[in-house]
Amino acid sequence: TLERGLELLELVAAGHDRLDDIAKTAQLSRSAAHRMLSSLVAKKYLTLSSEHEYKLGLKLMELGSQAETSMDLPQEIQAMLQEISTRTKETCHLGVLEDHEILYLAKSRGSRGFEMASRPGSRFQTQTTAMGKMLLAHLPRPQALEQFDPQRTVTEFSVKTVEEFNEELDRIAAQGYALDNQENELGLICVAIAIRDRNNQPLAAISVSAPSIFMSQERITELVALLQ
């Protein structure tokens with residue numbers, strides 16, 4: 001079925017690249033999984049290497065590129081991101097919470113000559129990103145803490161325990177902004193604030209990301225003031 005095929009694509013995207021692993025995780029028979037995977041390979045949604053590993057195919061890259069160019073975000077938001085990037089020389093993102101992850105909706109590239117791996121449509125852990133932590137800080141605390149997984153720390157700077165994460169959310173709620181201090185990617189610091197609706201409820205988050213050498217506490221304070 002279509003739903004099953006999409007599930008297999010998501011499993012491969014998550015790193016399940018062997019037939020037996022995919023079949024077991026999807027709770028399919030080996031023959032059924034192989035038949036569906038073969039169809040996806042034939043349509044170029046997946047590739048199969050000589051080592052019998054499945055990877056995402058060029059067709060998905062093509063569709064992703066088309067989706068990025070056709071996203072119907074208000075022109076005001078795109079213009080705002082571009083203005084921030086121009087003024088700061090840094091990369092700027094817009095993201096929302098979805099399914100316990102931060103979903104990147106838009107990106108404006110900086111002018112310092114380095115490229116981040118993020119792009120519209122990318123998903124990252126909430127617990128290691130500034131935008132994710134910013135939005136979690138506005139959820140009921142039990143709900144926010146449920147999204148913390150001590151096994152999913154990314155770098156040596158990532159928060160390691162739920163107690164530390166709870167303290168971090170307290171800090172974010174009090175100061176009005178969140179930091180990713182090399183927690184998601186070494187050498188990179190991000191600062192984020194929430195974008196609120198008319199009822200003062202957070203709808204999304206906006207962040208500025210820069211190499212750590214450009215992110216002194218004084219610069220972070222300046223960026224927060226600019227974002228607010």
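Excluded from the calculations below are hydrogen atoms, water molecules and symmetry mates; all remaining heavy atoms, backbone and side chain alike, are included. For this chain, numbers begin at 1 and follow the sequence in order.
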Give the C-alpha distance, both sets of side-chain angles, the deciding distance and a yes or no for side-chain contact (heavy atoms from CB on, under 4.5 Å) between Ile102 and Val96. CA-CA 6 Å; Ile102 189 75; Val96 296; 5.6 Å; no
Pair His34-Met36, side-chain contact (heavy atoms from CB on, under 4.5 Å): steps then yes or no: CA-CA 6 Å; His34 182 264; Met36 297 176 71; over 6 Å; no
Could you walk me through whether Thr155 and Gln182 pass the side-chain hydrogen bond (donor to acceptor under 3.5 Å, both in side chains) test, one step at a time? CA-CA 7 Å; Thr155 76; Gln182 305 186 67; over 6 Å; no
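- Between the CG atom of Leu136 and the CD1 atom of Ile172 there is a distance of 8.0 Å, given to the nearest 0.5 Å.
- Between Ser158 and Thr153, the side chains place no donor N or O within less than 3.5 Å of an acceptor N or O (distance only, hydrogens not considered).
- Formation of a donor-acceptor pair under 3.5 Å by the Glu168 side chain with backbone atoms of Val159 is not found in this model.
- A donor-acceptor contact shorter than 3.5 Å links the side chain of Glu183 to the backbone of Asn181.
- One N or O on the side chain of Gln175 and one on the backbone of Tyr177 form a donor-acceptor pair closer than 3.5 Å.
- How far CD of Glu163 is from CD of Glu167: 8.0 Å, rounded to the nearest 0.5 Å.
- Leu19 and Leu28 fall within the same hydrophobic cluster, where Ile, Leu, Val, Met, Phe, Trp and Tyr residues are linked whenever their side-chain heavy atoms come under 4.5 Å apart, directly or through other members.
- Taking every heavy atom of both residues into account, Asp17 and Ile22 meet most closely at C-CD1, 4.2 Å.
- Ion pairing of Glu90 with Arg219 is present here, as a side-chain N (NZ or NE/NH1/NH2) and a carboxylate O approach within less than 4.0 Å.
- For the residue pair Ala26 and Arg4, the shortest heavy atom distance occurs at O-NH1, 2.7 Å.
- When all heavy atoms are compared, the tightest approach of Met215 to Val191 is CE-CG1, 4.2 Å.
- In terms of modelled atom types and a separation under 3.5 Å, the side chain of Ser85 and the main chain of Lys89 share no donor-acceptor contact.
- Residues Arg152 and Gln127 have side chains in contact (heavy-atom distance under 4.5 Å, counting atoms from C-beta outward).
- In Glu218, the CD atom is not crowded: 12 or fewer heavy atoms of neighbouring residues, nucleotides or ligands sit closer than 6.0 Å.
- Within a 6.0 Å sphere centred on CD of Gln27, other residues, nucleotides and ligands contribute 12 heavy atoms or fewer.
- Between the side chain of His52 and the backbone N or O of Leu48 there is no donor-acceptor pair closer than 3.5 Å.
- The environment of Lys160 atom NZ is dense: over 12 non-hydrogen atoms of other residues, nucleotides or ligands sit within 6.0 angstrom.
- In this structure, Thr47 and Gly57 approach most closely via the heavy-atom pair CG2-CA, 4.0 Å.
- Atom CZ of Arg109 is separated from atom CD of Gln82 by 10.5 Å, given to the nearest 0.5 angstrom.
- The shortest distance between side-chain heavy atoms of Leu103 and Leu97 does not fall below 4.5 Å.
- Placement of Leu6 and Leu11 within a single hydrophobic cluster is found when ILVMFWY residues are connected by side-chain heavy-atom separations under 4.5 Å, directly or transitively.
- Using a 4.5 Å heavy-atom threshold, the side chains of Tyr104 and Met131 count as touching.
- In this model, no donor atom of one side chain and acceptor atom of the other lie less than 3.5 Å apart for Arg123 and His100.
- To the nearest 0.5 Å, atom OG of residue Ser212 and atom CD1 of residue Ile189 are 5.0 Å apart.
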Mind running side-chain contact (heavy atoms from CB on, under 4.5 Å) on Ile220 and Gln217 for me, showing each step along the way? CA-CA 5 Å; Ile220 290 170; Gln217 184 56 55; 4.1 Å; yes
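- In this pair, Phe165 and Phe148 present their aromatic rings parallel. The plane angle is below 30°, not in the 30 to 60° band.
- Summarising the geometry of Cys190 relative to Ser209, their closest heavy-atom pair is SG-OG, 2.8 Å, with the distance given to 0.1 Å.
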Go through the steps for Val208 and Thr91 under the test side-chain contact (heavy atoms from CB on, under 4.5 Å), then give the verdict. CA-CA 6 Å; Val208 173; Thr91 299; over 6 Å; no
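- When hydrophobic clusters are built by joining Ile, Leu, Val, Met, Phe, Trp and Tyr residues whose side-chain heavy atoms come closer than 4.5 Å, directly or via intermediates, Met134 is grouped together with Leu145.
- We find that Asp180 and Lys133 are not joined by a salt bridge, their nearest charged nitrogen and carboxylate oxygen being 4.0 Å or further apart.
- Among all heavy-atom pairs drawn from Gly95 and Leu135, the shortest one is O-CD1, 4.1 Å.
- Here the OG1-NE2 distance, from Thr129 to His93, works out to 10.5 Å after rounding to the nearest 0.5 Å.
- The structure places CG of Leu9 at 7.0 Å from CG of Leu56, a figure rounded to the nearest 0.5 Å.
- Counting heavy atoms from C-beta outward, His16 and Arg18 have side chains that stay 4.5 Å or more apart.
- Residues Ile84 and Ile206 are in side-chain contact: their nearest non-hydrogen atoms beyond the backbone lie under 4.5 Å apart.
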